[in-house]
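Below: the structure, in structure tokens.
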Amino acid sequence: MYVYDIRPSVLINSRNFPAGGTFTGTYNGLGKMVLTLAGSTLQIALRVILTWFFFPHFGLAAPAIATSIGWLMANLFWLICLTRLRRQSLLQA
């Protein structure tokens, strides 16, 4: 039985976040490595902070929940950056 019926391995599994690799590969190919670094730093910092806040309430499931939220926020950040880059390239064309 899992804490709050959450299986941490399901939440942490990279198959749940396939877009992350696509975004980082795209930015690396475009020479925008700083966006990859910023998104990764964002999700790591968010994971640490959320784990610290969630641990008293969720126990050992807290890192899994925080990791899921961290990767979702990183993917949202990368998606926003990609739409802005596309908009800039369309305006320049």
For residues 41-55, please give each side-chain donor-acceptor pair under 3.5 Å, one per line with the distance, not counting sequence neighbours.
from: T41; atom 1: OG1; to: L37; atom 2: O; distance (Å): 2.7
from: Q43; atom 1: OE1; to: R47; atom 2: NH1; distance (Å): 3.2
from: T51; atom 1: OG1; to: R47; atom 2: O; distance (Å): 2.7

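Rounding to the nearest 0.5 angstrom, the gap separating the CG atom in L85 from the CG atom in L35 is 6.5 Å. Going from atom CH2 of W78 over to atom OG of S40 covers 4.5 Å, rounded to the nearest 0.5 Å. Taken from CG in L82 to CG in N75, the straight-line distance is 11.5 Å, to the nearest 0.5 Å.
Contact between G39 and A74 at its shortest, heavy atoms only, is O-CB, 3.7 Å.
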